[in-house]
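The structure appears below as structure tokens.
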Amino acid sequence: MPNQPVIAITAGSDDDGRLYSDLISRCGGVPLLITPDSIERHDQLGIVGGLLLGNAPADFNNGASLVLNDTMTRLLPTVLDFDLPVIAVGDGMHSLNIAMGGKGPRPVTDHDGDDDKAARHHIYVAPGSKLASIVGAGGFVRVNSLHRMGMRDAQRSPDLMTAAYAVEDGIIEAVESPDYSLVIGVQFRPDRPREVPPNFDNLFHLLVERAGR
């Protein structure tokens, strides 16, 4: 299909990125997967219409992983200069936060589930936030939780606003930029649809829609 928007996707490996690639394809976009083994594909980034920062592993004590660090330094400034859409998921939210001047996340408890089985907890989505408008409403919702690192206001970039937080302990669960049309990061995993409300997949549909403009 002509004129399908290209979405750059960061991931720790091809296997990790396959879920995101399939998701973007289902939403009508063309995925361009960027992993530590595919850095040479960065010569294609000039055709990118949007960016999905996936849940690629990163060593936040010693800087972001190769794929995220390289993508941030080469791609994110250009993406923001052109006000292209950005969605960041899981550890990708922290990478976005660091790239926009925030601090690295800190260890948290009771957010990591058991092995690969997600924990579940309630978050509060701020009414009036961009996230609330995308998913249909603000207020309390139940989402998955698969992370051992998290951030609070002390780590959040001054250029990002808190769009959602965990009810139990106040850990930030979503951030967004007031300065760009679509720059949103979520700590939970909306790419695992049976573990979040169904309207959260609007994030990916909107990413592709905005990238095609």
- Please name all residues satisfying side-chain contact (heavy atoms from CB on, under 4.5 Å) with Ala174, sequence neighbours left out, ordered by chain then number. Leu131, Ala163, Ala164, Val186
- Task: Taking all heavy atoms of Gly28 and all of Gln4, pick out the closest pair and write down the distance.
- Result: O-NE2, 3.4 Å
- Message: Can a donor-acceptor pair be found, under 3.5 Å and without considering hydrogens, that links the side chain of Asn202 to the backbone of Ile134?
- Response: yes
- side-chain hydrogen bond (donor to acceptor under 3.5 Å, both in side chains) against Arg213, all qualifying residues, sequence neighbours excluded: Glu209
- Heavy atoms only: give me the nearest Pro85-Gly49 pair and the separation to one decimal. CD-O, 3.2 Å
- If you measure from CG on Leu32 to CD1 on Ile24, what distance do you get to the nearest 0.5 Å? 11.5 Å
- How far apart are the closest heavy atoms of Pro105 and Ile98, and which atoms are they? CD-CD1, 4.5 Å
- Message: Taking salt bridge (Lys or Arg N to Asp or Glu O under 4.0 Å) as the cut-off, I'd like each qualifying pair that reaches into residues 173-187, sequence neighbours left out, listed once.
- Response: none
- Task: Please round to the nearest 0.5 Å and tell me the distance separating atom OH of Tyr20 and atom CD1 of Ile9.
- Result: 9.5 Å
- Task: Look up atom CD1 in Ile87 and atom CD1 in Ile7, then write down how far apart they are to the nearest 0.5 Å.
- Result: 10.0 Å
- Item | All salt bridge (Lys or Arg N to Asp or Glu O under 4.0 Å) counterparts of Arg189, not counting sequence neighbours | Asp191
- Would you call Pro198 and Pro193 a side-chain contact if the rule is heavy atoms closer than 4.5 Å? no
- Kindly compute the distance separating CG (Leu182) from CG (Leu206), expressed to the nearest 0.5 Å. 5.0 Å
- Task: Measure across Ser145 and His121 and return the closest heavy-atom pair with its distance rounded to 0.1 Å.
- Result: OG-CE1, 3.5 Å
- Message: Less than 4.5 Å apart, side chain to side chain, heavy atoms only: is that true for Leu51 and Leu84?
- Response: no
- Return the set of residues passing side-chain hydrogen bond (donor to acceptor under 3.5 Å, both in side chains) with Asp201 (not counting sequence neighbours), or none when no residue passes. none
- Task: Not counting sequence neighbours, which residues clear side-chain contact (heavy atoms from CB on, under 4.5 Å) with Pro197? List them please.
- Result: Val141, Val143, Asn199, Phe200
- Message: List the residues meeting side-chain hydrogen bond (donor to acceptor under 3.5 Å, both in side chains) with Ser181, not counting sequence neighbours, and say none if there are none.
- Response: Asp83
- Task: Start with the C-alpha distance between Phe188 and Val89, add both sets of side-chain angles, then the distance that settles side chain to side chain contact (heavy atoms under 4.5 Å, CB included), and finish with yes or no.
- Result: CA-CA 7 Å; Phe188 51 91; Val89 175; over 6 Å; no
- salt bridge (Lys or Arg N to Asp or Glu O under 4.0 Å) partners of Arg18, counting only residues at least two apart: Asp15
- Message: Using every non-hydrogen atom in the two residues, find where Ile34 and Ala8 come nearest and quote the distance to one decimal.
- Response: CD1-CB, 3.9 Å
- Message: What's the separation between atom CD1 in Ile171 and atom CZ in Arg152, rounded to the nearest 0.5 Å?
- Response: 3.5 Å
- Show which residues join Val167 in its hydrophobic cluster (side-chain heavy-atom contacts under 4.5 Å, direct or indirect), or state none. Tyr124, Phe140, Tyr165
- Query: Got a sec, which residues hit side-chain contact (heavy atoms from CB on, under 4.5 Å) with Ala132, two or more places apart in sequence or on another chain?
  - Reply: Val125, Ser129
- Do any N or O atoms from the side chain of Thr10 and from the backbone of Gly54 form a donor-acceptor pair under 3.5 angstrom? yes
- Check whether any side-chain heavy atom of Ile184 lies under 4.5 Å from a side-chain heavy atom of Val86, and answer yes or no. no
- Listed by chain and number, what are the side-chain hydrogen bond (donor to acceptor under 3.5 Å, both in side chains) partners of Asp169, not counting sequence neighbours? His111
- Query: Can Ile172 be reached from Met161 by stepping across I, L, V, M, F, W or Y side chains whose heavy atoms are under 4.5 Å apart?
  - Reply: no
- Note on the structure: Hits for side-chain contact (heavy atoms from CB on, under 4.5 Å) against Leu160, two or more places apart or cross-chain, chain-then-number order -> Asn97, Met100, Arg156, Ser157, Val175, Ser177
- Could you give me the CA-CA distance, side-chain angles and deciding distance for His94 and Gln155, then say whether side-chain hydrogen bond (donor to acceptor under 3.5 Å, both in side chains) is met? CA-CA 9 Å; His94 299 299; Gln155 289 81 49; over 6 Å; no
- Query: Do the side chains of Leu33 and Leu19 join up, straight or via other hydrophobic residues, at under 4.5 Å, putting them in one cluster?
  - Reply: no
- For Met93 and Met151, work out which heavy atoms get closest and say how close. CE-CE, 3.7 Å
- Message: Using only atom types and a distance under 3.5 Å, with no angle test, would you say the side chain of Glu195 pairs donor to acceptor with the backbone of Arg192?
- Response: no
- Is a side-chain donor or acceptor of Arg210 paired with a backbone partner of Val208 at a separation under 3.5 angstrom? no
